[in-house]
Amino acid sequence: MLSAGERPQPPHAPTIVDSAVSKTRIMPDLANGTNGVTTSTLSTPSKPAQMQHIWVVTGPAGCGKSTVGNVLRTELDIPFLEGDDYHPVANKEKMGKGIPLTDEDRWDWLISLRQAAIDALSPSEPNKFHPPAGVVVACSALKQKYRDVMRVAAYGSPSVQIHFVYLKLNEDVLMHRVTQRESHYMKSGMVHSQLAALEEPKGEWDAITINVEGTMEEVQRNVIDAVTDKLAEYK
């Protein structure tokens, strides 16, 4: 059985009945036996949907997820979600003590971050009921099964596409960067455990790998070019 990351990319759907991103679109209403489709829905022509993109910037601590995420926020003019902000206090305390997180520690965090991404794409008062064209999420997503949790954000939503931007960097540079963080809860020793857990997104159709060992200007340009090329595929 293929995992979510190995499934062929679904075809782009130019229309959708409801353009709002919500739980009801991800988990259709099965209670009435119509999958949420009503007679009025069937008789009303669907309107062209705004294609929305979730850009999940991934990689271990020190690879530059927040920096790249903010670059994309500015370049694409869309919201940015810092994954660290969604960790419960217990997770931060464990990482601050150099204790690696378990899968059980990460599930609620991933689900909360996924829901935040869905909410960011939904019509709301903060966006004046005009949802953005996308959202950027900084999330380590070290394992494929973690990325699969995030992929659920686009399930059942033909107008939503999710992409993983994996920032690849060698261990020595990662260690150096993390040791320069004076107030961050993530300690340098955690880099080893993260690299041990890391499953690079090889062969996952929705993942883009960016080597980030160059200068900041080179990295930013490479990321922007890769994202621009990906967006061009949807025009």
Side-chain angles (χ1 to χ4, degrees), residues 10 12-32 34-58 65-92 106-141 146-165 206 223-224 227-228 230-231 234-235:
H12 304 158
T15 61
I16 186 171
V17 172
D18 183 358
S19 62
V21 180
S22 66
K23 290 181 180 178
T24 57
R25 288 172 56 196
I26 294 172
M27 299 297 291
D29 179 11
L30 302 178
N32 58 15
T34 62
N35 288 343
V37 179
T38 64
T39 303
S40 61
T41 298
L42 294 173
S43 60
T44 303
S46 57
K47 297 179 180 179
Q50 173 194 18
M51 184 64 72
Q52 295 175 299
H53 300 267
I54 301 174
W55 304 95
V56 185
V57 183
T58 75
K65 294 186 292 295
S66 297
T67 300
V68 168
N70 277 296
V71 167
L72 289 178
R73 168 171 59 180
T74 301
E75 183 71 18
L76 302 177
D77 191 24
I78 58 178
F80 169 64
L81 304 179
E82 175 55 73
D84 288 346
D85 294 341
Y86 294 83
H87 271 298
V89 174
N91 282 8
K92 293 182 180 181
R106 294 181 185 275
W107 296 138
D108 287 346
W109 167 60
L110 289 167
I111 292 170
S112 296
L113 189 54
R114 181 183 72 200
Q115 186 58 51
I118 294 170
D119 292 343
L121 297 182
S122 303
S124 63
E125 289 187 8
N127 59 41
K128 299 181 180 179
F129 298 96
H130 292 287
V135 61
V136 184
V137 181
C139 173
S140 54
Y146 300 161
R147 295 188 287 275
D148 285 346
V149 172
M150 296 301 293
R151 286 184 173 103
V152 174
Y155 283 8
S157 303
S159 66
V160 176
Q161 293 292 323
I162 189 166
H163 315 273
F164 295 88
V165 181
D206 52 5
V223 169
I224 292 172
V227 168
T228 300
K230 179 57 64 175
L231 284 172
Y234 295 84
K235 294 181 179 180

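In what follows, every heavy atom counts, from backbone to side chain, and hydrogens, waters and symmetry copies are set aside.
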Could you tell me which residues satisfy side-chain contact (heavy atoms from CB on, under 4.5 Å) with Ile224, sequence neighbours excluded, listed by chain and number? Val71, Glu75, Arg221, Thr228

Side chains of Tyr86 and Leu81 in contact at under 4.5 Å (non-hydrogen atoms): yes

Shortest non-hydrogen contact between Lys92 and Asp84, atoms and distance: CE-O, 3.2 Å

CG on Asp77 to CG on Leu72, rounded to 0.5 Å: 12.5 Å

Any donor-acceptor pair under 3.5 Å from Arg114 side chain to Val149 backbone: yes

What pair of heavy atoms forms the shortest contact from Arg106 to Ser140, and how long is it? NH1-OG, 3.8 Å

Classify the angle between the aromatic ring planes of Trp55 and His163 as parallel (below 30°), tilted (30 to 60°) or perpendicular (above 60°). parallel

Relative to each other, are the rings of Tyr234 and His53 parallel, tilted or perpendicular (30° and 60° limits)? perpendicular

If you round to the nearest 0.5 Å, how far is CE of Met51 from OG of Ser157? 11.0 Å

Set of side-chain contact (heavy atoms from CB on, under 4.5 Å) partners for Asp108, sequence neighbours left out: none

For Arg147, which residues count as a side chain to side chain donor-acceptor pair (under 3.5 Å) partner, sequence neighbours excluded? Glu204

So Val57 and Val223, side-chain contact (heavy atoms from CB on, under 4.5 Å) or not? Walk me through it. CA-CA 10 Å; Val57 183; Val223 169; over 6 Å; no

Atom of Ala120, atom of Pro132 and distance for their closest heavy-atom approach: O-CD, 3.3 Å

Taking all heavy atoms of Pro79 and all of Gly134, pick out the closest pair and write down the distance. CD-O, 3.2 Å

Inter-residue atom distance Leu231.CG - Gln161.CD, 0.5 Å rounding: 11.0 Å

Inter-residue atom distance Asp85.CG - Trp109.CH2, 0.5 Å rounding: 11.0 Å

Which residues pass the side-chain contact (heavy atoms from CB on, under 4.5 Å) test with Ala138, sequence neighbours left out? Lys65, Phe80, Glu82

Which residues pass the side-chain contact (heavy atoms from CB on, under 4.5 Å) test with Ser124, not counting sequence neighbours? Pro126, Asn127

If we only count heavy atoms from C-beta on, is the Ser122 to Pro131 side-chain gap below 4.5 Å? no

For the residue pair Leu110 and Cys139, what are the closest heavy atoms and their distance? CD2-SG, 3.8 Å

All heavy atoms of Val137 vs all of Ala117, minimum pair found to be CG2-CB, 4.1 Å

